[in-house]
There are 2 protein chains.
Amino acid sequence: MNLAILFGGASYEHEISIVSAITLKDKLSSLNLEFIFLDQDHTFYSIHMDKMDAKTFSTGAYKKFPVLSLEQGGFSQKGFIASKSIRFDRVLNLIHGADGEDATMASLFEFYNIEYIGPRKDASVMSFDKFMTKAYAYSCSVDTVEYELLSGQRKSKIAFPFIIKPTRLGSSIGVSIVKSAEGLDYALDVAYEFDERLLIEPFIKDVKEYNVAGTMTKDGLIMSIIEEPQKEEFLDFDKKYLDFSRSDKVNEADISESLKKELYAAFEKIYIPIFEGALIRCDFFVVDGKVLLNEINPIPGSMGNYLFEDFTSLIKYIKLPIKKEIKVNYNYLHSIRSAKGKA
Amino acid sequence: MNLAILFGGASYEHEISIVSAITLKDKLSSLNLEFIFLDQDHTFYSIHMDKMDAKTFSTGAYKKFPVLSLEQGGFSQKGFIASKSIRFDRVLNLIHGADGEDATMASLFEFYNIEYIGPRKDASVMSFDKFMTKAYAYSCSVDTVEYELLSGQRKSKIAFPFIIKPTRLGSSIGVSIVKSAEGLDYALDVAYEFDERLLIEPFIKDVKEYNVAGTMTKDGLIMSIIEEPQKEEFLDFDKKYLDFSRSDKVNEADISESLKKELYAAFEKIYIPIFEGALIRCDFFVVDGKVLLNEINPIPGSMGNYLFEDFTSLIKYIKLPIKKEIKVNYNYLHSIRSAKGKA
């Protein structure tokens, strides 16, 4: 399989996307890989495998690589005499945050008729916006933590301590835990800096968190082991950053069979309607024995490779949704013209 | 102002988009207009003003016009020797339904840094999906008709008669009124043909319907007169089609000042958070004196021109949202490299 890995993007998570791509270079080394870098000005570059290291990007050396443009069916590379078409079996969308997870890349790939692994447009918007995630979970009969939506207001009905989250940013950028009225103004300023709409959720001390990743393959839905991530109040940007370079196998969470079943059932309810074509990770909380969806990561750090036994086969056999074809026959325009007496 | 009007698209509403564009050619004749047609294969064509008629499209004659490609800042047209860049002040997205209203065009314009009039990505997905519209209205404190979401099921808890709607199609395609158990199977088959998720709503006989259009301009939010659309059980495709060529002024609905106020207030609540940059039309129901949002049209037929006194000025002064710039400084990659002892 010829797999192109697309990374970078005009996003706050630009750099962690580079780290994810470098991690996957090793994990997927048995496939024919090509690396396509999207810089912050939205230029695509074809990066040579041997130069897939941090230095190429931090020094700006990537600018010496060939520039690619989108065209129907793939990319093209300008040559001295003519353009060369560049084709792959599939592109893996590894752009975390804006561009990758906000429907932009999905739109581009669909518009240019390129097969891609990653969330589709509605799946992107649904998981990128934390409020829409709540509404979506509700529509799938999966519970979430209670919340309040603020759009400009500067107080919440939810009791301290609570968490403030911008509705539309990945990672933990702009997120604060507010323990008392004192810290509120500053936390609101920070969060409103990133988004006009904020989500307030009660801060649940010592909440149990479990992660499950999975994807639909030609052999059905494959789900990962269940991981209990290391305990921190919440992962800040630095910690999350390190998380994106993970490739060591983790240990399965030590939980009851019935809780496992519930977590897998909740993952399936979330995945089935709209996430086909993507490998996603769902982060769940368990509060008073109840499974609550916390977050959907439609492009998890380094694709959650460390959660799967045979990651390479999984990536190879992801099932992509079938596109409905719309055929225009101009019946209506013909009928208008005949009504007007024109042939 | 140089305004490009983009129409067509790979959508069930391809032909009504052509009709909308032809209508706007006359309504906006005092501006410098350019017409860009997107055919069902996603090729852009620059159509000469004099050929903006039904025949150009129904006969396939549009294929003789110059092909355009997207590039950073606008479009380019290939010439014999070199490519020519084509620039406008703004592009008006007039593609109804898929491509135009499903976040595809918004993504392309933002990716290629082109100023455009039309719904942004999240506004598109929110209004394209009828279930997400309900969730969004709820988040704006605007009421909607009660509903049930079906995903595969073939019965509803809502009593007959009810309406079945595919969640993600514009116009009235796939929509049926089901009066009794007899008609249910056929109506479900038709609707599931278009979407995996359906919305069921009680059919409210003789419901009062009112439409309001509006947009944010440099002088604030401008809202149209309130129209009471002509009564039909619901508009089928043919009737709606004719609606897209409307350009005659309508009469204002004969309603109380307090109801007017409520309708305008509801429009404002819906518009403000996410629709800046678009001229939208909200269709409201009034049931037992209560204002309920029925539908958001983020690209209404012929842009609802017939609802405004001075449509041309309105289009000229639409305020576009400011894009947040994301600057990547590679601090993280630098810090990794210094931790590893590399310069």
Side-chain angles (χ1 to χ4, degrees), chain A residues 10-12 14-16 18-19 39-43 54-55 57-58 69-72 98-99 102-108 110-113 121-122 124-126 128-129 131-132 134-136 138-140 149 151 168 194 196-197 238 241 273 324 326-328 330-334 336-337 342, chain B residues 10-12 14-16 18-19 39-43 54-55 57-58 69-72 98-99 102-108 110-113 121-122 124-126 128-129 131-132 134-136 138-140 149 151 168 196-197 238 241 272-273 324 326-328 330-334 336-337 342:
Chain A
S11 148
Y12 293 111
H14 179 93
E15 297 181 59
I16 57 184
I18 294 171
V19 175
D39 79 353
Q40 54 186 306
D41 301 321
H42 284 168
T43 303
K55 191 179 163 190
F57 305 99
S58 62
S69 301
L70 282 162
E71 64 176 18
Q72 284 299 325
D99 274 349
D102 67 356
T104 304
M105 285 304 132
S107 295
L108 291 178
E110 280 167 36
F111 189 82
Y112 288 105
N113 214 7
K121 286 174 294 191
D122 48 358
S124 301
V125 170
M126 229 80 103
F128 196 61
D129 183 307
F131 164 70
M132 293 321 274
K134 302 255 184 201
Y136 173 67
Y138 166 80
S139 84
C140 301
L149 187 73
S151 47
R168 278 175 297 180
F194 292 105
E196 313 88 67
R197 303 204 301 163
D238 281 39
Y241 182 70
K324 277 188 187 144
I326 293 174
K327 276 280 154 230
V328 178
Y330 291 108
N331 282 346
Y332 282 98
L333 292 187
H334 286 304
I336 290 180
R337 297 188 65 237
K342 294 177 189 171
Chain B
S11 148
Y12 294 111
H14 180 92
E15 297 180 60
I16 58 183
I18 294 171
V19 175
D39 79 354
Q40 55 184 309
D41 301 321
H42 284 168
T43 303
K55 189 179 165 191
F57 305 99
S58 62
S69 300
L70 281 161
E71 64 176 17
Q72 284 299 324
D99 274 349
D102 67 357
T104 304
M105 285 303 131
S107 295
L108 291 177
E110 279 166 38
F111 189 83
Y112 288 105
N113 215 8
K121 285 175 293 192
D122 48 359
S124 301
V125 171
M126 230 80 104
F128 197 61
D129 183 307
F131 165 70
M132 294 321 273
K134 302 256 184 200
Y136 174 68
Y138 167 80
S139 83
C140 300
L149 188 73
S151 47
R168 278 176 297 181
E196 313 89 68
R197 304 204 300 164
D238 281 38
Y241 182 70
I272 297 286
K324 276 185 188 150
I326 293 173
K327 274 283 151 226
V328 178
Y330 292 108
N331 281 346
Y332 283 97
L333 293 187
H334 285 302
I336 289 180
R337 298 189 65 235
K342 295 178 189 170

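Chain identifiers are assigned alphabetically (A, B, ...) following the order of the sequence lines, protein sequences preceding nucleic acid strands; residue numbering begins at 1 within each chain.
- Heavy-atom minimum distance, A:Tyr332 versus B:Glu15: N-OE1, 3.0 Å.
- When heavy atoms are compared at a cutoff of 4.5 Å, A:Ser69 does not approach chain B at all.
- Proximity to chain B is limited to the side chain of A:Tyr138, based on heavy atoms less than 4.5 angstrom apart.
- For A:Asp102, the parts sitting under 4.5 Å from any heavy atom of chain B are the backbone and the side chain alike.
- The part of B:Ile18 that comes within reach of chain A is its side chain, from C-beta onward, which places non-hydrogen atoms under 4.5 angstrom from that chain.
- Chain B forms the most heavy-atom pairs under 4.5 Å with one residue out of A:Ala135, A:Ser58, A:Ser11, and that residue is A:Ser58.
- Of the two parts of B:Phe131, only the side chain, counted from C-beta on, holds a non-hydrogen atom closer than 4.5 Å to a non-hydrogen atom of chain A.
- Contact annotation: the side chain of B:Arg197 approaches that of B:Asp129 to within less than 4.5 Å [non-hydrogen atoms, C-beta and beyond].
- Interface residue A:His42: backbone and side-chain heavy atoms are both found under 4.5 Å from chain B.
- Looking only at side-chain heavy atoms (C-beta outward), B:Thr43 and A:Gln72 stay at 4.5 Å or farther from each other.
- Looking at B:Glu110, the atoms closer than 4.5 Å to chain A (heavy atoms on both sides) all sit in the backbone: N, CA, C or O.
- Both the backbone and the side chain of A:Ala54 come within contact range of chain B, judged by heavy atoms closer than 4.5 Å.
- A 4.5 Å side-chain heavy-atom check between B:Tyr112 and A:Leu108 finds at least one atom pair inside the cut-off.
- For B:Val125, the part sitting under 4.5 Å from any heavy atom of chain A is the side chain, from C-beta outward, and nothing else.
- Interface remark: B:Lys327 contributes backbone and side-chain atoms alike to the contact with chain A (heavy atom separation under 4.5 Å).
- Proximity to chain A is absent for every atom of B:Ser151, based on heavy atoms less than 4.5 angstrom apart.
- When the candidates B:Val328, B:Asn331, B:Asp39 are compared by the number of heavy-atom contacts under 4.5 Å with chain A, B:Val328 comes out ahead.
- Looking at A:Thr104, both its backbone and its side chain come within 4.5 Å of chain B, counting heavy atoms on both sides.
- Using a 4.5 Å cut-off between heavy atoms, A:Glu71 does not touch chain B at all.
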